[in-house]
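Numbers restart at 1 for each chain; the letters A, B, ... are given by sequence-line order, proteins then strands.
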Amino acid sequence: MDFRARFAPSPTGQVHIGNIRTAIFNWLEARHNKGTFLLRIEDTDLERSTQDAINKLMECMQWLGMDYDEEPMYQTAQGEKHKASAQKLLENKEAYLLDPSAEKSPVVFKFPYKCDDFKFIRQCGAAELALAPDSKVSFNQTGITFFTVTSKGKVVDNTQTLAGFKDLEIVDADGNTLYKLDDAGYDALSDDPAQKVEIEHAAKLKFQRREVFYQDLVKGELAKPIDSMKDFIIVRTDGSPVFHLANVYDDIEQRVTHIVRGDDHVENTYKHLFLFKSLGYPEPSYAHLPMIVNQQGKPYSKRDGDAFVGDFRAKGFLAQALFNYLALLGWSPGDDREKLNREELIEAFSLERALRSPAQMDMKKLTNLNGQYIAELPHEEYMKYVMDFLPAEFAGSPKLDAVAKLMHSRVKTFADVAGWSYFFVGTDALEYDPKGVQKFLSGDTFRKPLEELSAKIAASDGSASAVEEAIHAVEEANGIKQGHLNQPLRVAVTGTTVGAGMSETVEVLGKEETCARIARALSL
RNA sequence: GUCCCCAUCGUCUAGAGGCCUAGGACACCAGGUUUUCAUCCUGGUAACCGGGGUUCGAAUCCCCGUGGGGACGCCA
């Protein structure tokens, strides 16, 4: 079967982790099924959609290697078609005007009262609804309004679609039938919201309950009774199409067969199923992904300042690492593999294995995975990233290549590269970690050994092995425990307490520079 | 308020009634390798939300409770 999936973001802000995870699952599912992956920009919210957001979105897609197969569709370009389809629904009496007397009125989609033969509708048997005592019920084709009492005794009004109340019977407190509705009676009802049938002194609603149901690819069977649903607006007063109409219409036009989207859309699905039917197309398969929550356990929202995809790039994460990590949020291949490349992910992916519960983002695990990916980067490629993150003034340094090699195994994110500057700055510009100085250079304990060491290094060829030998010799001559001269030397030479192998560090730095730094450190 | 969904170590997860003394990964702790740090290796701490059922047997199936989340727009 032809498999077509789509990612349909609204460009109203930066793409965050939750959005892009949805895109990844769509992409993976499409590629796994050798199907088609489409992009649609849902920019109908003119107030908030921006070109900048669209650009950023495209950048993210490209960065993460998610290619799409056809020209992206821009929803605003579809406006006329959306309006035409709404007009057709109006003509077919499948929609009505909210305010027919006004010059301009929103168009409302009317859930069909006669829907028993729909694939996604099933009967739930007789149902009853207790009303507020002696209250009024008003209805016509545009809906039914009635009053109920909450558990706290408060009277509230409810307006629902009439389609939810098949074979409606209104009875009074004594059980007498006040009104009975059948199919013919329904046809006689007005679809002008101002002309409603009103029944007084009602006590109870009796009806046949029906529900919408469908098989969600990740959540299993989902259902909702129609009597809890309301007709909904599909065209605004200003004539612009609303999300529901635009979304469904475009899915039809793009011939989408599988809709994979966020959890927050499950309720919309019950509406969209009817829209597909009314527009004359078979319903697609649906899969609803649970949310991704932040460190506080709250779902990422558009207002969330953190977790923008572009920020991860700027923080030195590799696209393949983020892609891998995100694919594993709410999905697993079923075996113990965690580090999977693109091909392996495509091969192993299936929506059936997607989890139903929300997942929390763990930066530490992402960082670790990123480090693994960096570790196996070939040197040339690794250097490209290094250059992107290295302060510009050090870019031309002859030491750069040696420094980068030396530090490769310890880079977790390329942001770490900024911490290499002690290799490049001049002796006088070196900054010292006060704690390290306090611990290793205060007092005279290491003064003499460091002076001796400096002399030995100056006299040597400056190679790592020579430096190592020198350190050894000085330690022995001064009764210092083996290895204990390393940290004082490190602080003196690098200003920090952590770094790469000491003798290699000196070799890369050069013996003249090393000696100059020791001299300066001892004069502090 | 109404409706809906979810629930295994701190976190991501494995688990389709007996392979579970609940496995893996991150993080954490300890030890080893490394003259330091990192890498790497070894080991360890740590979970089935609670209560009832069903069953010879439940993390797994059912019910109730609790907790968390979502949806109820002329936003998408």
- Message: Under a 3.5 Å threshold, yes or no: a donor from one side chain and an acceptor from the other, between A:E42 and A:N247?
- Response: yes

Taking donor-acceptor contacts at under 3.5 Å, does the side chain of A:S503 reach the base of B:U35? yes

* Any cation-pi pair here, A:R209 with A:F207, using under 6.0 Å and within 45°? -> no

Judged by nearest nucleotide, the residue sitting upstream toward the 5' end of RNA chain B, A:Y270 or A:D238, is A:Y270

Mind checking if A:G371 touches a base, just sugar-phosphate, or nothing, with heavy atoms under 4.0 Å?
nothing

Report task. Would you mind classifying the nucleic acid contact of A:H484 as base, sugar-phosphate or nothing, using non-hydrogen atoms under 4.0 angstrom? Result -> nothing

To the nearest angstrom, the CZ-C1' distance between A:R410 and B:C40 comes to 13 Å

- Task: Select base, sugar-phosphate, or nothing to describe what A:L328 touches, counting heavy atoms under 4.0 Å on all strands.
- Result: sugar-phosphate

Query raised in the report: Is the shortest heavy-atom distance from the side chain of A:S49 to the side chain of A:P11 under 4.5 Å?
Result: yes

Against the side chain of A:V242, the closest entry in B:A76, B:U35, B:A38 is B:A76

Quiz item: Which part of the nucleic acid does A:A359 contact within heavy-atom distance under 4.0 Å: base, sugar-phosphate only, or nothing?
Solution: sugar-phosphate

Need one value for A:H265: base, sugar-phosphate or nothing, where a base atom within 4.0 Å counts as base even if backbone is also close, heavy atoms only.
base

Query raised in the report: Which whole number of Å gives the distance between the C1' atom of B:C26 and that of B:C9?
Result: 12 Å

Practice problem: Fit a plane to each ring of A:F243 and A:H272, take the angle between them on a 0 to 90° scale, and name the class: parallel (under 30°), tilted (30 to 60°) or perpendicular (over 60°). | Solution: tilted

Q. Taking the six-membered ring of A:F312, is NZ or CZ of A:K315 closer than 6.0 Å to its centre and within 45° of its axis?
A. yes

Output a table of nitrogen or oxygen pairs between the protein and nucleotides 58-66 of chain B separated by less than 3.5 Å.
none

| said: Work out how far the C1' atom of B:C29 is from that of B:G69, and round it to whole angstrom. | reply: 34 Å

A:D416 CG to B:U39 P, in whole Å, measures 12 Å

Atom CD of A:E211 and atom C1' of B:C4 are separated, to the nearest Å, by 12 Å

With the side chain defined as heavy atoms from C-beta on, A:R490 is closest, among B:C4, B:C37, B:U36, to B:U36

Walking RNA chain B from its 5' end, the first of A:D263 and A:V293 to be reached, judged by nearest nucleotide, is A:V293

**Report entry** Criterion side-chain contact (heavy atoms from CB on, under 4.5 Å) on A:Y214 and A:V266, from CA distance to verdict
**Finding:** CA-CA 11 Å; A:Y214 74 98; A:V266 289; 4.2 Å; yes

From CG of A:L322 across to C1' of B:C12 the rounded distance in Å is 15 Å

Please give the distance between the P atoms of B:C4 and B:G10 as a whole number of Å.
31 Å

* Asked: Any side-chain heavy atom of A:Y96 within less than 4.5 Å of one from A:D231?
  -> yes

- Nearest-angstrom distance, P atom, B:G24 to B:G15: 15 Å

Query raised in the report: Within the structure shown, what part of the strands sits under 4.0 Å from A:K219 by heavy-atom distance: base, sugar-phosphate, or nothing?
Result: sugar-phosphate

Side-chain contact check for A:R236: nearest option of B:C74, B:A14, B:A71 is B:C74

From the candidates B:U35, B:C75, B:C74, the one with an atom nearest any side-chain atom of A:N486 is B:U35

Check your understanding: If you look at every strand shown and take non-hydrogen atoms under 4.0 Å, does A:Q487 touch a base, only sugar-phosphate, or nothing?
Key -> base

We want to know whether A:D191 and A:T142 form a side-chain donor-acceptor pair, criterion being a heavy-atom distance below 3.5 angstrom. no

As its Watson-Crick or G-U partner within any shown strand, both distances under 3.5 Å, B:A7 has B:U66

When you measure from the side-chain N and O atoms of A:T150 to the phosphate of B:G1, is any distance below 4.0 Å, counting only OP1 and OP2?
no

**Asked** If you measure from the P atom in B:U21 to the same atom in B:A16, how many Å do you get, rounded?
**Response** 14 Å

In whole angstroms, the gap separating C1' of B:A76 from NE2 of A:H288 amounts to 13 Å

**Message:** Under 3.5 Å, is there a donor on one side chain and an acceptor on the other for A:K448 and A:N478?
**Reply:** yes

- Hey, can you tell me if A:Y382 and A:F414 have their rings parallel, tilted or perpendicular (30° and 60° cut-offs)? tilted

If you measure from the C1' atom in B:U54 to the same atom in B:C61, how many Å do you get, rounded?
8 Å

Point to revise | Within-4.5 Å side-chain heavy-atom neighbours: A:S135 and A:F146 | key: no

What is the nucleic acid contact for A:S357, judged by heavy atoms within less than 4.0 Å: base, sugar-phosphate only, or nothing?
sugar-phosphate

Checklist entry - Quick one: the side chain of A:R356 and the base of B:C6, do they pair up donor-acceptor inside 3.5 Å? => result no

Query raised in the report: Would you say A:E221 has more than 12 foreign heavy atoms packed within less than 6.0 Å of its CD?
Result: yes

Which whole number of Å gives the distance between the P atom of B:G52 and that of B:C5?
-> 26 Å

Checking A:K224, A:K166, A:R122 against A:E211 for salt bridge (Lys or Arg N to Asp or Glu O under 4.0 Å), the one that qualifies is A:R122

**Message:** Once you apply a heavy-atom cut-off of 4.0 Å, does A:D335 come out as touching a base, just sugar-phosphate, or nothing?
**Reply:** nothing

Atom CD of A:Q360 and atom P of B:A7 are separated, to the nearest Å, by 16 Å

When rounded to whole Å, the CD to P distance for the pair A:Q75 and B:C75 reads 14 Å

Which of B:C37, B:C74, B:A76 is nearest the side chain of A:T44? It is B:A76

Exercise for the section: Give a yes/no on whether any side-chain N or O of A:R353 is located under 4.0 angstrom from OP1 or OP2 of B:A14. Expected result: yes

Report all interatomic pairs (protein N or O, nucleotide N or O of nucleotides 25-32 of chain B) with separations under 3.5 Å.
{"residue": "B:A25", "atom": "O2'", "partner": "A:E338", "partner atom": "OE1", "Å": "2.7"}
{"residue": "B:A25", "atom": "N3", "partner": "A:K365", "partner atom": "NZ", "Å": "2.8"}
{"residue": "B:C26", "atom": "O3'", "partner": "A:N368", "partner atom": "ND2", "Å": "3.3"}
{"residue": "B:C26", "atom": "O2'", "partner": "A:K365", "partner atom": "N", "Å": "3.2"}
{"residue": "B:A27", "atom": "OP1", "partner": "A:N368", "partner atom": "ND2", "Å": "3.3"}

Mate of B:U2 across any strand shown (Watson-Crick or G-U wobble, both atom pairs under 3.5 Å) is B:A71

From CD of A:E267 across to P of B:G69 the rounded distance in Å is 17 Å

So what does A:E468 touch, heavy atoms closer than 4.0 Å: a base, only the sugar-phosphate, or nothing? base

Exercise. Using atom P of each nucleotide, how far apart are B:C12 and B:C48 to the nearest Å?
Worked result: 16 Å

- Task: Pick base, sugar-phosphate or nothing for A:L369, based on heavy-atom distances below 4.0 Å to the nucleic acid.
- Result: nothing

Scanning all shown strands, the Watson-Crick or wobble mate of B:A38 with both distances under 3.5 Å is none

In short, A:L28 meets A:L345 closest at the heavy-atom pair CD1-CB, 4.2 Å

